Structure formats: structure tokens, C-alpha cells
Amino acid sequence: MHHLQLRIILLAAIFCAFCACREDKVSDDPNLHLTFSTDAVTFDTVFTGVGSATLQFIVYNKNANALIISRIWQDVGEDFKVNVDGEADLSQATDWQLRGGDSLIVFVKVNIDPTSQNAPLFVHDNLNFAVNGNVQTVSLEAYGQNVHLIKTKKRLTVRDNFIFTADKPYLIYDTLAISSFMHFDAGARLYFHNDAVILSYGDVEAKGTLAQPVVLQGDRTDNLYDSVPYAFVAGMWGGVYLIDSKDSPAPKTYNLDYVDILSANVGLFCVSDRSADLPQLTNSRIHNHAVYGLVLQNTNANVVNSEISNAAAYCVYLSGGKQRFVHSTIASYFNSTDVRIQSTPREDVAAVYINNVSKNNIPTMSSFRNCIVTGVRQNNFLLATPLPKYYEDTIANNYLKADSLDITNAKNNVYWTKNDTAVFRNTYYKYKEYHYYDFQLDSLSPARGIGDSLVALSCPLDRLGQPRVRFEPGDTIRPDAGCYQYK
């Protein structure tokens with residue numbers, strides 16, 4: 001038995017040595033090539049003067065024998081920084097032996113110097129691999145964008161008046177506090193670093209348009225993984241806070257038109273020590289926030305033609321003041337997806353909460369006309385008031401996924417039933433199909449044609465410029481509820 005075991009061990013050693021020799025055998029056959037996991041490494045918008053995230057790709061030797069990569073180099077070598085399996089100095093990446101069936105990882109970053117032009121700048125380089133007299137190439141590509149950089153060592157930037165122009169984007173790293181007037185030109189784009197916020201203590205005016213909205217979002221323009229962009233991840237920055245103090249000589253006014261606030265902790269938070277005025281939040285979109293979408297405390301507001309969607313807590317929280325919602329879509333489908341993108345779990349709360357029992361705020365009177373309020377929860381419209389039946393404001397001609405409202409001025413509302421067809425085009429993010437949330441109306445939506453035509457006269461076009469009331473041969477198209485008219 002002893003001799004048999006010894007023979008087995010010797011045979012195994014010989015076999016392993018034979019395999020090792022075969023595996024380490026180097027081939028100089030020019031017909032053998034490397035295989036790459038991609039033929040191009042492409043970065044989305046990279047802000048000049050600020051380094052990018054790191055992307056990677058894999059180099060495979062799928063041949064039986066080893067290959068010698070005699071040289072690895074870049075054509076230009078200025079904007080892109082390359083690290084090959086831990087080697088950052090490509091001049092040292094010579095005569096690199098890659099065994100048969102083995103692979104190596106290449107890491108790529110890009111840092112683009114600022115230029116004099118405001119339009120995006122395309123930069124390109126090639127990363128080359130020389131093997132057995134042949135050269136194989138992976139393309140490196142990026143778009144660089146000049147920005148107005150707002151960043152200080154104190155992590156707080158205080159300005160008096162501030163005008164955000166549309167000549168090039170703003171990259172805001174820290175807290176930006178505006179003590180007086182704040183204005184946004186049409187087409188202004190603001191990118192916020194992690195936890196960065198805007199605090200406004202003065203009047204605010206945003207003049208976006210359908211073609212050139214004002215956009216506020218996080219500064220990560222790369223992907224979380226696969227085809228999932230960081231733009232779809234909530235909580236990428238702090239949010240917008242509009243603060244009115246009674247120490248100011250007059251209440252503040254806010255006028256926001258065509259403003260998109262995306263993927264923050266809180267979308268828009270308005271708070272006042274008295275009754276402040278928000279004359280208009282119109283044609284806007286507050287979407288995908290890790291806590292609240294829109295918070296109004298002691299604030300009088302007109303919210304018209306706007307979408308407020310997908311917050312982990314309340315999409316709309318109202319406490320103190322008079323708010324008027326007209327032709328707005330409030331949809332709570334946060335984290336309804338087949339891919340894990342949110343670090344914040346969705347709370348089991350309604351899409352809208354009206355708090356009229358707070359001892360710290362003035363009475364709350366909120367009207368909803370021609371609106372949609374819905375979500376994954378059974379009851380998405382909560383009204384906390386001492387005597388609900390005598391609540392004076394009007395809630396009419398809405399589509400509500402909610403319990404029936406027992407108040408005097410609740411009329412002509414359509415309430416969700418289990419037999420309802422789809423309200424919207426899509427309430428679920430399917431990342432493999434690149435199918436994101438779409439809160440435009442489904443062709444069979446129960447929200448179609450239920451709006452009050454007289455109310456629709458105040459906003460004859462929907463958020464995308466579609467006429468609300470149309471006269472066609474033999475028929476009149478009535479206004480739909482929500483901010484989107486079915487086309």
C-alpha cells in the first residue's frame with residue numbers, strides 16, 4: 001500500500017508539472033489575439049478640473065498558451081490615467097506575460113483641464129496592446145464640460161444676490177446660502193455634490209421654459225452599475241430650502257416655472273415663521289427623493305401643472321397656509337423596480353398628507369382640483385383635521401387612490417377600485433428594458449376626461465404643451481386629471 005501511494009503521488013506531481021509546462025508555454029503565433037470585455041471605455045459628462053469616477057475593463061487571453069504583451073501605451077496620454085493590474089506607469093508595462101486562460105484588469109480615470117469654451121468638449125485617446133507583431137486597441141472617450149465651481153474650504157458659501165445663468169453648468173460642492181434675491185435663467189443647470197444644499201433667505205425666481213427647463217440634480221453622471229445611472233438614485237444631494245424669517249421686513253415670494261428638482265434627500269422645502277407666499281410652482285417636476293418631495297409649512301402656494309413623484313416618505317406634506325393644487329400629478333411609486341438602486345427604504349405613508357392639527361403652525365387649507373393622487377399604498381390622501389366633515393376647502397374632479405373623503409366640498413372625484421386599469425404608462429422601473437417611470441396617462445386611464453373644463457381654463461396647456469381641451473370632428477376632448485393630457 002505504501003508503494004502504491006508513493007506511485008500515485010509521483011504520477012500526480014508529474015501530471016501537475018506537465019500541465020504547468022503547457023500552461024506557461026509562450027506562443028509567438030501572430031494569429032493569436034487578446035480578447036477585451038469592451039472595445040471602448042466611454043465616460044459621460046466629466047466636469048473640467050474635477051476627476052471622474054474609475055471605470056474598468058478586462059483583458060483576456062483565451063488561448064491555451066501564454067502570450068507576451070510586449071508593450072502597452074496610449075497615443076496621447078494626457079487626459080486619461082490608466083492602471084494595468086496595479087501598474088500605473090505604462091513605461092514599465094513591457095514584456096507582460098499573460099498565461100493561457102488568464103486575464104488582467106485595466107482601470108481608467110479621466111481629468112480634463114478647463115478650456116475657454118462652454119460647450120462640451122470631446123476628448124479621445126487609444127490604449128494599445130502589442131502582441132506578436134500585432135497591435136490591438138481599446139478606445140478611451142469622454143465629454144468634458146466647463147463649469148462654474150462653487151467650493152470653499154469652509155464648506156459654506158454665502159452670497160447676497162445670485163443669478164444662475166445658462167452659459168455653463170454650476171457644480172456646487174457645499175452649502176450655498178443666498179441671503180437676498182436668487183434668480184435662475186432658462187436652461188440653467190445645477191449639479192450638487194453629496195449632501196450639498198441651497199438655502200435661500202430671500203425672494204426666488206426661476207424662469208425655465210419647456211425647451212429649456214431649470215434642472216437641479218446630483219453631480220454623479222456615471223453609472224451605479226450596468227445600465228443604471230446615478231441620476232436614478234435618490235439622496236445624491238441635500239435639496240432646496242426656502243426659508244422665510246419673521247425678522248425679515250416682508251414675507252418672501254417665490255416664483256418657479258419649469259424647474260426640475262431630481263434625486264435629492266428633500267426636493268423643495270418651504271418654511272416660514274409667518275404666512276409666506278409661493279405665487280406659483282408651475283410646469284415643474286420634483287422627482288425621486290430619499291425623504292420628502294414637496295414640503296410647505298406656513299406657506300401659501302399655487303402648484304399648477306406639476307409632477308411630484310416618488311419619495312420615500314410623503315410626496316407632498318402640507319402644514320400651515322393655503323395651498324391650491326391644480327392639474328398636478330402626485331404619484332408615490334418610490335423603489336418600485338427590479339433593481340436595487342435606493343439605499344432608503346420606502347416608508348408606508350400616503351402620497352399626500354395635510355396636517356391641520358399642528359399647534360405650531362397656522363391653519364392648513366388645501367384645495368385639489370383636476371389632480372391625480374395615487375401610489376402603491378391603499379390610501380394615498382390623508383387629511384388630519386379636527387372636524388373633517390366641515391373642512392372648507394374644495395377637493396373636486398380628481399382621481400384619487402384613497403378612501404372616500406367625507407367632507408362637504410369633496411365632489412366629482414373618481415376613487416380607485418380594484419378593477420381599475422393602469423393609470424399611467426409605467427409605474428415600475430425595468431432597468432434591463434431601459435423602461436423608466438412614465439407618469440403620462442395610459443390610453444385606458446380612469447383619470448381621462450374627468451377634469452373640470454372651467455378649472456382647465458387657467459392652464460389650457462399641459463406640462464408638455466399639449467392642449468387640454470380639443471375640438472375634433474363630432475367630439476370634444478375633455479380635460480384629463482393631472483399634469484399630462486393624453487395625446
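In this text, all values refer to a predicted model and were calculated from it rather than measured experimentally.
For the side-chain contact (heavy atoms from CB on, under 4.5 Å) test with Val110, the passing option among Leu140, Asp79, Asp125 is Asp79; the others fail. Looking at Gln440, His327, Arg463 one by one, the single match for side-chain hydrogen bond (donor to acceptor under 3.5 Å, both in side chains) with Tyr484 turns out to be Arg463. Tested against Ser52 for a side-chain contact (heavy atoms from CB on, under 4.5 Å), the candidates Phe47, Phe43, Phe80 yield a single pass: Phe43.
Counting only N and O atoms by type, the side chains of Asn370 and Asp452 include no donor and acceptor under 3.5 Å apart. Under 3.5 Å, the side chains of Asn380 and Thr374 contain no donor-acceptor pair of N or O atoms. Counted by atom type alone, Gln217 and Arg189 present one or more donor-acceptor pairs between their side chains at under 3.5 Å. For the residue pair His287 and Ser263, no side-chain donor N or O sits within less than 3.5 Å of a side-chain acceptor on the partner. Counted by atom type alone, Asp44 and Thr221 present zero donor-acceptor pairs between their side chains at under 3.5 Å. Between the side chains of Arg346 and Ser336, not a single donor N or O lies within less than 3.5 Å of an accepting N or O. The closest side-chain donor-acceptor pair between Thr165 and Asp185, if any, does not fall under 3.5 angstrom. For the residue pair Tyr258 / Gln212, no side-chain donor-acceptor distance below 3.5 Å is found, with atom types taken as modelled. Side chains of Asn283 and Asn305: a donor-acceptor N/O pair is present below 3.5 angstrom, by distance only. Side-chain atoms of Ser139 and Glu141 form a donor-acceptor pair, as typed in the model, at a separation below 3.5 Å. Judged by distance alone, the side chains of Asn118 and Asn146 never bring a donor and an acceptor atom under 3.5 Å apart. No donor-acceptor contact under 3.5 angstrom links the side chains of Ser358 and Asn355, judged on distance only.
Surrounding CD1 of Ile163 are at most 12 heavy atoms belonging to other residues, nucleotides or ligands under 6.0 Å away.
Remark: the backbone N or O of Gln485 is paired with a side-chain donor or acceptor of Asp462 at under 3.5 angstrom. Between the side chain of Asp442 and the backbone N or O of Arg425, no donor-acceptor pair lies under 3.5 Å. Using a distance-only test at 3.5 Å, with no hydrogens or angles considered, no donor-acceptor pair links the side chain of Gln342 to the main chain of Gly235. With Asn398 contributing its side chain and Ala396 its backbone, the two residues share a donor-acceptor pair below 3.5 Å. A side-chain donor-acceptor contact under 3.5 Å links Ser306 to the backbone of Val304. Judged by distance alone, with hydrogens and angles left aside, the side-chain atoms of His289 form no donor-acceptor pair with the main-chain N or O of Asn265 at under 3.5 Å. Within the 3.5 Å criterion, the main-chain N or O of Asp338 finds a donor-acceptor partner in the side chain of Tyr428. Within the 3.5 Å criterion, the main-chain N or O of Asp273 finds no donor-acceptor partner in the side chain of Asn298. Under the 3.5 Å distance criterion, the side-chain polar atoms of Ser445 are matched with a main-chain donor or acceptor of Ala447. Distance alone, capped at 3.5 Å, places no donor-acceptor pair between the Ser284 side chain and the Asp257 backbone.
In this structure, Asp393 and Phe368 have side chains that are not in contact, with every pair of non-hydrogen atoms separated by 4.5 Å or more. Side chains of Pro386 and Asn356 form a contact here, defined as non-hydrogen atoms less than 4.5 Å apart. Counting heavy atoms from C-beta on, the side chains of Ser366 and Tyr391 come closer than 4.5 Å. Side chains of Gln297 and Tyr317 form a contact here, defined as non-hydrogen atoms less than 4.5 Å apart. Side chains of Phe334 and Asn288 form a contact here, defined as non-hydrogen atoms less than 4.5 Å apart. The shortest distance between side-chain heavy atoms of Val41 and Val138 falls below 4.5 Å. Leu256 has its side chain out of reach of Thr282: every pair of non-hydrogen atoms, C-beta onward, lies at least 4.5 Å apart. Residues Asp203 and His183 fail the side-chain proximity criterion, which asks for heavy atoms closer than 4.5 Å.
Ring pair Tyr314/Tyr292 is parallel by interplanar angle, where below 30° counts as parallel and above 60° as perpendicular. Using a 30° and 60° split on the angle between ring planes, Tyr429 and Phe232 fall in the perpendicular class, above 60°.
In this view, Arg159 satisfies the salt bridge (charged side-chain N to carboxylate O under 4.0 Å, His left out) rule with no residue, not counting sequence neighbours.
In this structure, CG on Asn255 lies 9.5 Å from CG on Leu281, to the nearest 0.5 angstrom. Note: Ser458 OG to Arg369 CZ = 9.5 Å, rounded to the nearest 0.5 Å. Note that CG of Leu383 is 5.0 Å distant from CD1 of Ile354, once rounded to the nearest 0.5 Å.
Ionic pairing of Asp480 and Arg468 is not present here: no N-O contact between side-chain nitrogen and carboxylate oxygen is shorter than 4.0 angstrom. Salt bridge status for Lys151 with Asp219: absent, with no side-chain N to carboxylate O gap under 4.0 Å.
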Intermediate values then yes/no, ring pair (Phe, Tyr, Trp, His ring centres under 6.0 Å), Tyr170 and Tyr191: CA-CA 6 Å; Tyr170 291 79; Tyr191 293 89; over 10 Å; no
Evaluate the criterion salt bridge (Lys or Arg N to Asp or Glu O under 4.0 Å) for residue pair Arg377 and Asp348; output intermediate values, then yes/no. CA-CA 7 Å; Arg377 195 173 188 264; Asp348 186 24; 3.3 Å; yes
